[in-house]
Amino acid sequence: MIPTAREAPADAETPSHILLSRAGFIRRTGAGMYSYLPLAWRSLMKISQIVREEMEAAGASELLMPAVIPIELYKVTGRDEAYGELLFRVHDRHGRENALGPTHEEVITDIFQHAINSYKQLPLTVYQIQTKFRDEFRPRAGLLRCREFIMKDAYSFHLTVDGPGGLNETYDAQYAAYVRVFERLGLDFTVVDAESGPIGGSASHEFMVNAESGEDKILVCDSSGYAANVEKCEIGERAWSFEGEALGDLAKVHTPGMASIEDIGRFMKVKPANMLKTMVFDAGESLADEPSVAPGGGQRWVVAVVRGNHDVNESKVRDAIGGPVALADEKEARAAGFAIGYVGPAVAVGRDDVLLLVDPDAAQSTDSAKGKAMFWAAGANEADHHVKFFNWQRELGGLLDSSDQDASARRVDLPGASARRADLPGASARRADLPARIRVADIRNANAGDPSPRAEGSILREQRGIEVGHIFKLGCKYSDAVGFGVLDQDQQRQSVIMGCYGLGVSRTLAACVEMSHDENGIIFPAAIAPYHVLITLMKPDDPAQQEACARVSGELAEQGIDVLIDDREERPGVKFKDADLIGLPVRLTIGDKALAEGAVEFKPRRSAGKGELVPIDRVVARCADVLGD
RNA sequence: CGGGGUGUAGCGCAGCUUGGUAGCGCGUCUCGUUCGGGACGAGAAGGUCGGAGGUUCGAAUCCUCUCACCCCGACCA
């Protein structure tokens, strides 16, 4: 059952989807749902086995939880809301609602809550390998993002964060286990700092298979070894200053119907890098305690300003203000007086409900490269209008000068801030001089070429990756939600501290193909290949060839090498094409010519050309050699 | 959820503008010739044209509704 095809299904576009389909590994059964045919299943079992070995070595025990889970468990933690449409929901015959498990923090916490009641029983780590369900808005790219997939998920429980038996110890052990798993699988990967997302928790790392087609953008600093997902990546220190002369008088420009940076840039003949992109966020209650000029009032709106060619990072905005934010609802923001699409920094002037957050690259009044005043275009805070010759000091003058006695006491430490700033060229407007309603902070996504946050003078390099593993320090988020605590040595009730560790088994197979293929097909590393060696018989009916095949395959099997035999009555070309497509690490061809010399043709999939003749009694050693790499 | 697109044989597609016998390539089956990089010839099987309704003497084709799927975006262990 290896249905190979010359052409890929029309809906397949990415290499792994096309090749796994053509090579007879998978068949699409529904949108984002795939059947694993025998070849794929063998590969998945091999990946799972390595995962199992490393999990056991890291002290985790395997178990299996149900895929169908009462929705009540997810209501306890609020994740039925947080996940929303991503949860598959099924109603049983009694009308009870269940979720198909997208991940099992709630279930495992529930189990442990009832089973564990003493610190003496901790720490514990368990894992399972199971089908997970997520009703993705847009499944795509075959196995890379589907609605039903195979995942290894592990969970650990601790009394403490540090020290023996603490969360950090297990987290580090899992981290190391992941590194060993992906090394053993023969994958080229990068570990990056990551955002925790809706799973929650403090620290997290993602394991990315390096592939051009990857969905995730990661940034790497070669000198320090720092690597992070773009969602998380810090940017090194950048000089900034609001002080500087204006290049010209503020000029209002009519820009009807042009709300996008691209449109305006084209119309006004301004490069995006010379525009200020201004986004309005709704901080809700996050800023309730912030100083406000208005009696009894609080700041609600966060106006974030970055350069037009940069993207605001919502997580960084959240960190900068110390609480949750969300992009403002357009209607509400309009009602509050923001001309959405045409907002500029000056909107903060005269309002006491706005916190202005400015990225260092946007907080410039002097173009240091040219040594003259910086040219800025920005929104005019009036529908269909923008302004040219924006100058921070002039346009925000009142705000920048307003002194707020409480400000210095309340100010939090911002990422990337340091005392050295004053020494940097062009830096004179010190953070300490700013009123509380303006902050300069790193609030944008990092790009290639940005300064490294870990090595002075180095810059960040960009590459793409496929997320195959993600580990989290959860803390007490789930245990507190269900009231899971144990008594410690001092008879004090302590919340149990958790970690969770995910690894996409089916995605790893696809990532492997993305990483390693050529125009003829897949090139499998030995650890993931469904079989190690393919024996191609030129004349399947020929007794001499049959005998040679039986001998070689028998000897290979004795060495623990998995053999697939192609004894189909097909023309040689067809068999060779299929062999390359399926991509097993070694191909042995048994034909008359070689056999006459007591040899078979030996060809590693990676090597180009014809392959070489190897005497039959030495071919097993050669196979073991190649597979051992 | 916004934008774009596609549903016709197992797979890949044409036919639709201008309504009139449902086609091509690959694959499958039979026979023959071939036989170390997706052979050639002859023949054969295989289709509710996504579904429902409508217009018409007549609908794959025109109209209305609907379903499914794909791509881009937004979102995302």
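All values below come from the heavy atoms of this structure, side chains included, with hydrogens, waters and symmetry mates left out. Bear in mind the structure is a predicted one, so any value in this text is a computation, not a measurement.
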Separation of [X] atom [atom1] from [N] atom [atom2], in whole Å?
X       : N      : atom1 : atom2 : value
M208(A) : C76(B) : CE    : C1'   : 12 Å
N445(A) : C75(B) : CG    : P     : 11 Å
D578(A) : C26(B) : CG    : P     : 17 Å

With R571(A), which residues qualify under salt bridge (charged side-chain N to carboxylate O under 4.0 Å, His left out), at least two apart?
-> none

Does Y501(A) have any ring pair (Phe, Tyr, Trp, His ring centres under 6.0 Å) partners at least two apart in sequence or in another chain, and if so, which?
-> none

Not counting sequence neighbours, which residues clear side chain to side chain donor-acceptor pair (under 3.5 Å) with [X]? List them please.
X       : answer
R618(A) : none
H310(A) : R444(A)
S21(A)  : none
R27(A)  : none

Which pairs with one or both residues in residues 3-33 of chain A pass ring pair (Phe, Tyr, Trp, His ring centres under 6.0 Å), sequence neighbours excluded?
-> H17(A)-Y34(A), F25(A)-F524(A)

Nearest-nucleotide pick for R587(A), side chain only, options being G37(B), U28(B), C76(B) =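 Among the listed nucleotides, the one closest to the side chain of R587(A) is G37(B).
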
Using atom names, set out every protein N or O paired with an N or O of nucleotides 67-73 of chain B below 3.5 Å, distance rounded to 0.1 Å.
unit_1, atom_1, unit_2, atom_2, d
C69(B), O3', R28(A), NH1, 3.4
C72(B), OP2, R138(A), NH1, 2.9
C72(B), OP2, R138(A), NH2, 2.7

Would you list the protein and nucleotides 39-42 of chain B atom pairs, both N or O, that sit under 3.5 Å from each other?
unit_1, atom_1, unit_2, atom_2, d
A39(B), OP2, R571(A), NE, 3.4

